[in-house]
Amino acid sequence: MILHYRHPADDWNRALPLGNGHLGAMVWGGARTERLDLNEGTLWSGDGPLHVDAPPPGALDRARELLRLGRWHDAQALMETHFTGRSPEAYQPLGTLTVERPNRPSGAGDGYRRALNLTSGVHTVTQPGERREVFVSHPDRVLVLRWEADEDTVWRVALTSPHADLSRVWDAGRGEVTLEGRGPLTVHPQPTYAPGRGVAFHAALRVMGDRITSGQEGLCVHGRTLTVYVAASTSFRAWNLPPDDSGAADRCAAWLDRAQALGYDSLRAQHVADMTARMARVHLDLGPDDRVDTPTDERLRAVRAGASDPGLHALHVQYGRYLLLGSSRPGGQPANLQGLWNPHVQPPWCSDYTLNINTPMNYWPAEVAALPECALPLHALTADLSVAGQDVAREWYGAGGWVAHHNTDLWRMATPTDGSANWACWPLGGVWLALHGWEAYLFRPERAVLERIWPALSGAARFALDWLVTQPDGTLGTAPSTSPENTFLDGQGRGCAVGVSSSLDLDLIREVCGAARQALDILGLADEAFRVQLDDALSHLPRPAPGRSGARREWTHDPPPAELGHRHLSHLYALFPGALVPENDHVTREACRVALEDRLSHGSGHTGWSAAWIAALHARLGDGASLHTALTRVLSQSTHDNLLGDHPPFQIDANFGAAAALLEGLLHSHLGGPGRAWLRLLPALPPAWPDGAVRGLRARGGLKVDLAWRGGQLAQVTLRRSSGDPAQPTDLHYRDQHTRILVPSGQSLTLGPALTPLPSDPLPLETA
């Protein structure tokens, strides 16, 4: 549970992340100068939603006519002319805190160690004659740094920002530095600042020491112990309200007053208790870890050279959980492309919310890895978009419900982005998001959860129903349709993105309509017209069949692909993260396997998130050896020394996707109905991990699951019910064995390798 190194970070991609879902820091751990690059979750470019004109009347009908005639290239040109919009706004850096001890040598000598404890969320640097700690507290909303020296010394403390028109004040009498400024109004094509426009930010720090004086760029603190408290806030209120410049300074002052009154020891204790209670929910052991004392970057280099390191895989999963806790907490914004951590005013892909895989992947581990509260910001984003996207659905497509496309941002952009149709012209981002709400219900089958997500779920289904069109054979399909970011060849060899009925479209619509149909009955809603529409659509939606090569086809008309090794695997959504391919559907499973192998044979998986998706697909196919190979590929080819994912450049989705994929190899729970648990145990256990255990996993149906295995065989499973109906049976499967049991509320039930009850429970139970 610890990342550690023998040397400081020498660039941002080797620093270590801290966060509380609102305030983030990348800690460099310099021998003489501590640098912390700061972010605040609501500091984005822009200052409110921007209107984009809808397409002219008749444009959608014209595109559909071109598609009916097979004029794919012409249809794409029309879509790019009338159905694209503007780029999303960009997530911004806040600034940099530097704390320098100038009378100390600059190099890291013998005895230097920096470490990040994932359980406590505390970053430490130790070297001869001193020790320092940094953490970012969720309970108290402050960053805290403590630097202790064995002799009297002096520290220089400064706070800077990359943004224009800054106001920076330091007051030795109060021991305080304040920094105020504004984010850019836009970053397209260059960062542009406007007086009185943009999100205003306020950052403040207070220092504690024996004596405080003013320095050239900040404060000087004299003594043997330095303590720094940092708080930050912005003028952002809500996506549909203008920023309010009043209040940010007062909020920071209140947080700092409280931190100062509590003192370092109490702040640290509350922070550690908060982190430990959540990180301890899941324990993962993949076998003896004989490299635990080896620095993390050296372990990673060994894996790149071909070494086996089960402990590093387990650490990588826990790191994914830690990063989700750091970047996505209730009341904050969801994890974006870089989680909470971004140093660039013009970040790659705006560090936005990319809905066609990346944002959903960020939340794949939230439920199974026992961090359901971390998904609440995603559900809040979905609820916001279900409002912002209603006018767009009506004005752009003549549809009911709500729509979101390929990208969104702090301002809940629901219109398409600009650029090529192969990413911009995809109106099912909202459907994918709404299904995450349904997943939350499946893991916690309680009426209150379903009532909370119902407005977004039903609205996404209503849009999907209106988006469907009747095909010449009487089935329903989508036109225009894209398979995110992929292209095919038309009869003239031209790359085309716009076709008819991509498999992803059909799969997402089948899932959202099926979920809405089940939810109607569970909630007992008397909307007979909606029920009939859903039933009719589900009965007329075709299931994508194998194509000419035997692989699951990506578009209904099965054209030749333009890029054989494309990074997206959208046509395999039904297998993972969807749940549309039961184990007894051997034809579809084989078509999915052929499609996956075909992509891999042509180089797919060359980005971090793509490699993680491939791992998850292997897990669903029950292929433990290939799962291990794919997860090793994520570590060896798509991971920085600080274990953050590398697209390249840095993206955080690979961290979350790989964590979810590994856990999917240990437990399947995706084929049961609402409120019912259907569990397959160790479905894709890699042979490289013959002995191990996992405690605290969550399963659909409201269960907690502990597993232990020895010699590649199940040793025991313990089940506990955390929610759901105790009268609903649980189906347990392990290889060719099956049993059906009841798991009472508030009790545990332990079964042995033959799925028969054991008289005792030798595994310690989770108590968090």
Side-chain angles (χ1 to χ4, degrees), residues 281-282 360-361 363-376 378-379 432 434-450 452-454 457 507 510-512 514-519 521-523 573-583 616 619-620 622 656 659-684 694-707 717-734 738-745 748-749 766:
R281 291 174 184 170
V282 171
M361 184 179 286
Y363 289 90
W364 285 356
E367 302 293 342
V368 67
L371 295 173
E373 68 269 44
C374 291
L376 292 177
L378 181 73
H379 304 326
W432 200 332
L435 286 167
H436 274 261
W438 177 244
E439 281 287 286
Y441 171 73
L442 294 180
F443 275 88
R444 186 182 170 192
E446 298 175 4
R447 186 179 182 89
V449 177
L450 190 56
R452 173 173 56 81
I453 63 100
W454 172 248
L457 178 68
D507 293 337
R510 179 175 293 280
E511 280 213 325
V512 79
R517 179 65 179 84
Q518 294 176 69
D521 287 347
I522 295 166
L523 293 173
Y573 170 92
L575 183 65
F576 190 98
L580 294 172
V581 187
E583 291 188 358
R620 277 283 167 93
F656 301 132
L662 190 151
L663 298 179
E664 190 69 26
L666 304 181
L667 177 67
H668 285 178
S669 69
H670 57 286
L671 293 178
R676 177 181 174 186
W678 190 103
L679 310 182
R680 181 167 289 283
L681 312 177
L682 305 180
V694 63
R695 294 200 305 273
L697 296 185
R698 265 58 169 181
R700 294 166 182 86
L703 296 176
K704 299 179 183 180
V705 182
D706 301 340
L707 294 165
V717 55
T718 299
L719 306 176
R720 296 179 300 286
R721 180 168 295 285
S722 58
S723 63
D725 184 1
Q728 185 72 257
T730 294
D731 287 297
L732 277 184
H733 299 260
Y734 173 64
H738 165 259
T739 190
R740 177 170 290 179
I741 58 175
L742 294 177
V743 182
S745 296
S748 64
L749 180 65
E766 172 202 358

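Numbering starts at 1 and runs along the sequence shown. Hydrogens, waters and symmetry mates play no part in the numbers below; they use all other heavy atoms, side chains included.
- Within 6.0 Å of the CZ atom in Arg444, the count of heavy atoms belonging to other residues, nucleotides or ligands does not exceed 12.
- Side chains of Val368 and Glu664 form no contact here, defined as non-hydrogen atoms less than 4.5 Å apart.
- Closest heavy-atom contact between Pro445 and Gly724: CG-CA, 3.6 Å.
- In this structure, Tyr441 OH and Ile522 CD1 are separated by 3.5 Å, a value rounded to the nearest 0.5 Å.
- Side-chain atoms of Glu367 and Arg700, non-hydrogen and from C-beta on, never get closer than 4.5 Å to each other.
- The nearest pair of heavy atoms linking Gln728 to Arg721 is O-NH2, 3.7 Å.
- Within the 4.5 Å cutoff, no side-chain heavy atoms of Tyr363 are placed close to those of Glu439.
- Using a 4.5 Å heavy-atom threshold, the side chains of Arg740 and Trp678 count as separate.
- Asp706 places a side-chain heavy atom less than 4.5 Å from the side chain of Arg720.
- Side-chain atoms of Glu511 and Tyr573 form a donor-acceptor pair, as typed in the model, at a separation below 3.5 Å.
- Within the 4.5 Å cutoff, side-chain heavy atoms of Leu376 are placed close to those of Arg452.
- Heavy atoms only, all atoms of each residue included: Leu667 and Arg698 are closest at CD2-O, 4.2 Å.
- Atom CZ of residue Arg695 and atom OG1 of residue Thr718 lie 10.0 Å apart, to the nearest 0.5 angstrom.
- Using the six-membered ring where Trp is involved, His738 and His733 have ring planes that are tilted, between 30° and 60° apart.
- Between Arg620 and Ala579, the shortest heavy-atom distance links the atoms NH1-CA, 4.4 Å.
- Side-chain contact between Leu666 and Leu682 is present, with at least one heavy-atom pair separated by less than 4.5 Å.
- Taking both residues in full, the closest heavy atoms of Leu697 and Val282 are given as CD2-CG1, 4.3 Å, listed atom of the first, atom of the second, then distance.
- Scanning all heavy atoms of the two residues, the minimum distance from Ala370 to Gly696 falls at CB-O, 3.8 Å.
- In this structure, the side chain of Ser722 engages the main chain of Gly702 through a donor-acceptor pair within 3.5 Å.
- For the atom pair Thr739 OG1 and Asp731 CG, the distance stands at 8.5 Å (nearest 0.5 Å).
- Note: Leu742 CG to Asp725 CG = 9.0 Å, rounded to the nearest 0.5 Å.
- Here the side chain of Arg447 pairs a donor or acceptor atom with the backbone of Leu523 at under 3.5 angstrom.
- Side-chain contact check for Pro372 versus Phe443: every heavy-atom pair is 4.5 Å or farther apart.
- To the nearest 0.5 Å, atom CG of residue Leu749 and atom CD1 of residue Ile741 are 4.5 Å apart.
- Residue Val705 is tested with Val694, Leu732, Val717 for a side chain to side chain contact (heavy atoms under 4.5 Å, CB included); the sole match is Val717.
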